[in-house]
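For reference, the structure discussed in these notes is given below.
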Amino acid sequence: MTEKSGADILVEALTDLGVEVVFGYPGGAVLPIYDALFKNGAARGDRAIRHILVRHEQAATHAAEGYARATGKPGVVLVTSGPGATNAVTGITDALMDSIPMVVITGQVPTTLIGSDAFQEADTVGITRHCTKHNYLVKDPARLGDVVHEAFHIATSGRPGPVVIDIPKDVQVATAKYRKPGPIQHKTYRPQVKAERSLIEAAVDMLAAAERPILYTGGGIINAGPAASQMLRELARITGAPVTSTLMGLGALPASSPQWLGMLGMHGTYEANHAMNQADLIVAIGARFDDRVTGRLDAFAPNARKIHIDIDRSSINKIVRADLSIVADAGRAIEDMVLVWKSRQHPKPDLSEWWRRIDGWRAVRCLDFPESGAEIMPQRAIRALYEATKARAPIITTEVGQHQMWAAQHFGFEAPNKWLTSGGLGTMGYGLPAAIGAQIGNPGALVIDIAGEASIQMNIQELATATQYRLPVKIFILNNEYMGMVRQWQELTYESRYAESYSDSLPDFVKLGEAYGWKGIRIERPDQLDAGIADMLAHDGPVIVDCMVAKLANCFPMIPSGAAHTDMILQANEVSGTMDDEAKALV
Amino acid sequence: MHIREEQRERHTLAVLVDNEPGILARIAGLFSGRGYNIESLTVTDVSEDESVSRITIVTSASPATLEQVIAQLDRLVPVHKVVDLTAAGPHVERELALVKVKGTGDHRIEALRLADVYRARVVDATTTSFVFEVTGGTDKIDKFVELMREVGLIEVARTGIVAIARGTEAA
């Protein structure tokens, strides 16, 4: 067998793994890899790995996340040493928090210079050790092929996450033999995907006996693949139980289902949070009882027994004690529950009393908002966007803040992999690059980044990437001239002292878009809303829409930090404007 | 407002890991990053082919946090096994200390007498100093060091705890 350079081994291993797209940015320490990609492109043409040149390494990671979340395939990133790697850290951490399969290849200074403070040297494995699922520094080209295959195995199996492979430049140039390895049997890493039968049976017994059950679902179901969402629908159908979901789990159950209660948690619905509070059984599937979900812990679901199904054992009993713990893949566990339920011929339980109470909470109509004739209400803008696009099953990405929560509340998701948002880390600047990644993976899809005027500026340079690759991405900015969620908290907690939350010196987004070759549209009045959205959809290239909305609108309902599920604020007039120190200290 | 402290228990964990570069940083960083406490940590390779290291960690944590510590350690890719020796049953814990005392006359004689009581060995001597080697549980070493302070202690080096379960079973 002939020897190949480390760079060629990398490209061949990526090809063997079925990688179609790499999001990256070149630099000194990855030049051999870029040359190998160039030659691979010349030799293989359309079948070669496609490289998408971003304008900032952070955007490469978010684009890879968007690609992964929308396609179910791992996202791949290629960046240089030093600043290339450190710029990628935010997106790597984001992928860790939201369990996104991603492999990040970083260049490193030659092994002989490591530790010498060489030009563009950073301790990449040191910096990324605690924001990756695993990471590697490869010092021997003969190990590189196996490491790449192992990295993909780790990134995509079990609880998915980011894996970094740091490759010194001399390892990219030195030669070794490469052979595609067989199926990986890792000596220590063996995630448990199938639950013990007895635990599944116990869960089914508890669910069949419950009078007030609720299924609390999360991003784990999306990660488990589309079949898991189908199984969830079946479990909901045969048990008749209401279903709520975390921010990350939206789309697993169709929003049009009568059993759908909406999202739960801080900006969740009144009915979802009250149902969690009053339930006698909570079945948590692929969700992790995040602080945004539970609210005040000592008041969380006081009378409910909890079944917790998660592929990550460390998620169980971390925040809330589970009465029944099941370590398993969400999809496999749901499927097993459905099979056991059916084999025991459980009749559909009579939950009519429970549903009567839920209907009472629904009657509060917590997502209603005050209409204004003069200004566009941001909630109205989201609903108009939803009505205009729902027939095309769009992929929606968001930035982070009020617009994100309004999108989660008012846009209906009917299928998984259509909702891409930064949940755990809450990264402003996620939405545009994620939309680019999603569009690359789904060239025919309608992809819309619902943004705020502050967040969009955090990765605004990616307008150029969409232009270069002729991606018809749409950006829909809810422009209220404030970092709206910061302003909202200042209103609720700090007596409306708006410290640094005003978006001063905003660019003209229409002209900015046009400068990058995009179409720009401004919507200023309610009577322009539908026509503006129609214009956006009619254009077959990228469009940036600057939609001016009511400046001081707040996102309700809301559980203030430190409060219980039953202490929701529904309207602005319930707000005191002050908060004690215990509550202020919570995130 | 005051920051609350939780009730803690002391546990000794044996962690078997792949002997790869950076593994100690991975483990120590997990503890600092998640705010867990390390009272003692020792590490060395224990397998015939030097491929597996045994890390002994003494931590104090609430029962809920301890469960998290174990689960978080267990999900690190290079970790083979985590055993809570304290929970598993009777086990032996030992550490070794080297203790240097300086002095003459009565102090010197008293130091030797105490060393004899604690079964400490003299491993270095000059006319005005001794270095003692003492092994035992943490309490015994603490007590010995405390006594040596009164007779001219000038330096201490301790290994930290290593531990193993009693009986026929291996961790």
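Chain A is the first sequence line, chain B the second, and so forth, proteins listed ahead of strands; every chain is numbered from 1.
Within 6.0 Å of atom CZ in B:Arg149, 12 or fewer heavy atoms from other residues, nucleotides or ligands are found, so the atom counts as exposed in its surroundings. Residue B:Glu39 places its CD atom among more than 12 non-hydrogen atoms of other residues, nucleotides or ligands, all under 6.0 Å distant. Counting non-hydrogen atoms of other residues, nucleotides and ligands closer than 6.0 Å to CD1 of B:Ile164 gives a total of 12 or fewer. Heavy-atom neighbours of A:Arg296 CZ from other residues, nucleotides or ligands within 6.0 Å: above the threshold of 12. Summarising the local packing, CG of A:Asp117 is surrounded by 12 or fewer heavy atoms from other residues, nucleotides or ligands at distances under 6.0 Å. The neighbour count for B:Lys140 NZ, taken as heavy atoms of other residues, nucleotides or ligands under 6.0 Å away, is above 12.
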Worksheet item: Passes side chain to side chain contact (heavy atoms under 4.5 Å, CB included), B:Arg26 versus A:Asn135? Steps please.
Response: CA-CA 10 Å; B:Arg26 241 178 249 289; A:Asn135 65 8; 2.9 Å; yes

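For chain B, no part of A:Leu137 is nearby; none of its heavy atoms comes within less than 4.5 Å. Residue B:Val79 touches chain A through its backbone alone, counting heavy-atom pairs closer than 4.5 Å. Both the backbone and the side chain of B:Ile70 come within contact range of chain A, with heavy atoms under 4.5 Å apart. Neither the backbone nor the side chain of A:Arg190 comes within less than 4.5 Å of any heavy atom of chain B.
Annotation: maximal heavy-atom pairing with chain A below 4.5 Å, among B:Pro21, B:Ala64, B:Pro78, occurs at B:Pro78. Of the listed residues B:Arg75, B:His80, B:Arg34, the one with more heavy-atom pairs under 4.5 angstrom with chain A than any other is B:Arg75.
Comment: B:Glu67 does not engage A:Arg313 in a salt bridge, judged by the lack of any side-chain N to carboxylate O separation of less than 4.0 angstrom.
Within the model, atoms OG1 of A:Thr188 and CG of B:Asp74 stand 10.0 Å from one another, a figure rounded to the nearest 0.5 Å.
When all heavy atoms of A:His134 and B:Val77 are compared, the pair lying nearest together is ND1-CB, 3.6 Å. Scanning all heavy atoms of the two residues, the minimum distance from A:Arg129 to B:Ala25 falls at NH1-CB, 3.0 Å. Considering every non-hydrogen atom in both B:Leu30 and A:His130, the closest pair reads N-CE1, 3.6 Å.
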